[in-house]
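Okay, structure first, notes after.
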Amino acid sequence: MNKGNTMDKAPLFKKKPAARSMALFCVFALLFLLCISSIAIGTRDVSLQEVLGALQGQIDTMGEASVSMRIPRTLLAVIAGSALGLSGAIMQSITRNPLADPGILGVNVGAAFFVVIGLAWFGINQQQSYVWLAILGAGITAIFVYVISSLGYGKSTPLKFALAGAATSAALSSFTVAVVLPRNDIAGGVNSWQIGGVGGATFGSIQLVLPFLVLGILLSALVARKLNSLALGDDIAAGLGENVAWVRIIAWLSAVLLCGATTAICGPIGFVGLVVPHLCRLLVGVDNRWLLIFSALTGACLLLTADVLGRIISRPSELPVGVVTAFVGAPFFIWIARRQRVKEL
Amino acid sequence: MINNTESTFTRVKNGRKYRSVRWARLVVILGFIVSVAFSITLVLGQSFTSPSDVLSVLLGHKLPGASFVVGQLRLPRAVISLLVGMSFGMAGVAFQIMLRNPLASPDIIGVSAGATAAAVFAITMLHLDGASVALFSISMGLLVALSIYGLSYRNGVTGTRLILIGIGVSAMIESITVYLLSQAQSWDRQEAIRWLSGSVNSAQLSQAQPLLISLLLFGGFLLSRSRDMEALRMGDDTAQALGINVNMTRITVMVSAVGLIAVGVAITGPIAFVAFLSGPIAMRLIKNKGALLLPSGFIGACLVLTGDYIGQFLLPSRYPVGVITGALGAPYLIYLIIRVNRKGGSL
């Protein structure tokens, strides 16, 4: 984050705690409305009665059946969106880099690579193990990219960061293709790793990753305050009595758990983690305690909106949510890149 | 006094002569390496075909077995590899020179991604083939290149901002490509993965024609602008002072480079990192002793030919060339990021 820039512009709700609570309430209300529209709006038009019927568990008509499919989907969108928003906010805080985002860090590709290796070489075929593998791959890749971008004398600039992510993604997808191509049987499974969506959600798959997400959220709550000290710089944070290394490790762990688990069931959904923290910083300022909460809620709102939009835009088929978020997020990325006074690499 | 100027004069003259001889020697050596790689591809595959048989097939004689193996399988592959490699190598180094940054190659800043998306769209949705796909992907590649250039314009274009914006744009475009491919039912999934990572598997001799035309047209134009581009390497101001119309050169060079990339992509798919790798390798070899364009083209051809050979025969199972170049190129990119970090150098 270009700090000078955000500091001059006072965030909308920073000064008055009451206003901030009001904003929190508004975001909650928005989320609720979006949940309802996500259940009611879809590729198929359904009547109000059918929606109500499905909410009571009936699946007698086509309409009710399709609405009942939308319930786990909505739930997954909320969970995935908040996990991605939260993990993006944490990453941006630890790296002090405005372009930090799970997608740009190559987390998706890393997760896919590990799952493919597990499938092809170790004969792993239980969904439970995919989640572990995906989180492991996500974590290793994220940290690898971060380390590369901060090697050398210079600080880790947004450009080096984005490039290191791009390079790592390219290498890993080459390796993934190399593993997959000779094996017809797992090619279909891999395809679902290329584009993110919440369409195939079931309560079972949500249950599978829920423990990881809860752990991630708890860890993030643990470090939210400490991240504020870290934002002042490592030396000052150490002077304030924080154990900088530990804060970093816990924060990374939480971010990686959140985005890795999400990637494990949704596939790659880019740019949510990039856009959301920036929006929230405009709203509530740089205090991480508030920022993280708002990022989670706004992330859920964004992903729900993207999912609903994807269902409406290309009726009768639907656009996967990963494509929609890319279209929302990339212009935002460009805007940040333009605003920054980027140094020549 | 006079003596002194004379000796300076001879020194400059000798230096220039030395450099041009050295450059010519290197180009000849590179050309030789390319032709060796080309011949190996023809002679040695699953089985060995004697050079004399290969030669007589090339001259149009019918030989049982060899005609099929060499004429139908190996020759198209080798020819397409050669042409595509040259196109990618020259286009890559043209971009890198123009933006004075080794990272500004078309496969990083999204030009290749744009051309790929357009080609996929043309093939899967519009069911076009041949030249119309190439035209479609040229126009889309141009559009992407111009919009990246326009978006990064803010009191002039700095390479850094352009690269960063290019990465964002290519992320967006890649999601379109993947989506398009997932919608296309007629496409075998394996085939789609193969094409997306760049492959000369389905090479046919008829595809060589558009490639050759684009290489002659755009590549020839780039070569004719070689002097101006060398001046651009020294900076916009210097180039201007040397009497070069900087904006005009930049735009025409960009258009030709995009043309080279787009035609290649329409035929083989985006072979990862060939455009990115060729320029810096050429730079290492040539140092500051001559134009980079032609050597870089040869290196591109070499990369594709050897990459394809390795992918075909030297590994436990067969891989498309893009997987090999991708696996080679990415570590180099990482090395470059670390090194530039340390020294702050350029191409």
Side-chain angles (χ1 to χ4, degrees), chain A residues 99 103-104 148-154 156-160 162-175 177-178 180-184 187-188 190-192 194-196 268 270-271 317 319-320 322-327 329-334 336-338 340 342-345, chain B residues 101 103 107-108 148 151-154 158-161 163-165 167-176 178-179 181-183 189-190 192-194 196-197 272-273 311 315-320 322-334 336-344 346:
Chain A
L99 291 180
I104 291 162
I148 284 189
S149 72
S150 48
L151 274 179
Y153 297 131
S156 163
T157 65
L159 177 63
K160 282 190 286 186
L163 275 171
T168 312
S169 302
L172 287 181
S173 33
S174 274
F175 293 138
V177 173
V180 170
L181 268 183
R183 296 176 180 79
N184 250 319
V190 171
N191 200 52
S192 69
Q194 289 182 320
I195 199 144
F271 291 112
S317 75
L319 217 53
V323 177
V324 182
T325 55
F327 269 83
F332 198 87
F333 179 98
I334 292 166
I336 300 170
R338 268 181 67 86
Q340 278 249 323
V342 266
K343 258 178 41 197
E344 200 66 52
L345 181 80
Chain B
N101 195 321
L103 297 164
D107 31 14
I108 292 175
I148 292 169
L151 280 171
S152 48
Y153 193 90
R154 195 178 164 187
T158 60
T160 322
R161 198 185 300 127
I163 298 165
L164 209 48
I165 286 175
I167 292 177
V169 171
S170 58
M172 183 161 89
I173 296 172
E174 269 158 25
S175 81
I176 307 177
V178 175
Y179 173 68
L181 277 175
S182 73
Q183 291 302 99
R189 210 166 260 155
Q190 298 284 84
I193 298 177
R194 191 166 276 138
L196 262 194
S197 51
F273 285 137
L315 295 174
S317 48
R318 296 184 152 212
Y319 296 114
V323 171
I324 311 293
T325 53
L328 279 179
Y332 179 73
L333 177 53
I334 289 169
L336 202 65
I337 294 167
I338 296 171
R339 191 188 69 116
V340 166
N341 208 357
R342 200 155 284 180
K343 282 192 191 160
S346 68

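Every chain is numbered from 1, with letters handed out A, B, ... down the list of sequences. Computation of the quantities below employed the complete heavy-atom set of this structure, encompassing side-chain atoms and omitting hydrogens, waters and symmetry-equivalent molecules.
- By number of non-hydrogen pairs under 4.5 angstrom with chain B, the leading residue of A:Pro320, A:Gly322, A:Ser173 is A:Pro320.
- Neither the backbone nor the side chain of B:Tyr332 comes within contact range of chain A; no heavy atoms are under 4.5 Å apart.
- Residues A:Ala162 and B:Leu164 approach most closely at CB-CD1, 3.8 Å, considering heavy atoms.
- For a residue to count as touching a neighbouring chain, one of its non-hydrogen atoms must lie under 4.5 Å from one of that chain's; by this rule A:Phe175 touches chain B with the side chain only.
- Take A:Phe271 and apply the ring-ring contact (aromatic ring centres under 6.0 Å, His included) test, not counting sequence neighbours, and it matches no residue.
- Between B:Ala330 and A:Ala171, the shortest heavy-atom contact is CB-CB, 3.1 Å.
- The contact between A:Leu99 and chain B is made entirely by side chain atoms (from C-beta outward), counting heavy-atom distances below 4.5 Å.
- Only the side chain of B:Ile176 comes within contact range of chain A, judged by heavy atoms closer than 4.5 Å.
- Here the shortest heavy-atom pairing between B:Met172 and A:Pro331 reads SD-CD, 4.2 Å.
- Among all heavy-atom pairs drawn from B:Gly322 and A:Ser174, the shortest one is O-OG, 4.0 Å.
- Applying the side chain to side chain contact (heavy atoms under 4.5 Å, CB included) rule to B:Ser170 yields the partners B:Ala113, B:Glu174; only residues at least two apart in sequence or on another chain are considered.
- Nearest heavy atom pair, residue A:Arg338 against residue B:Arg161, reads CA-CD, 4.1 Å.
- Chain A forms the most heavy-atom pairs under 4.5 Å with one residue out of B:Gly329, B:Pro331, B:Ala327, and that residue is B:Ala327.
- Only the side chain of B:Ile108 comes within contact range of chain A, judged by heavy atoms closer than 4.5 Å.
- Atom CG of residue B:Leu151 and atom CD1 of residue A:Ile334 lie 5.0 Å apart, to the nearest 0.5 angstrom.
- The side-chain heavy atoms of B:Ile167 and A:Ile104, taken from C-beta on, include no pair separated by under 4.5 Å.
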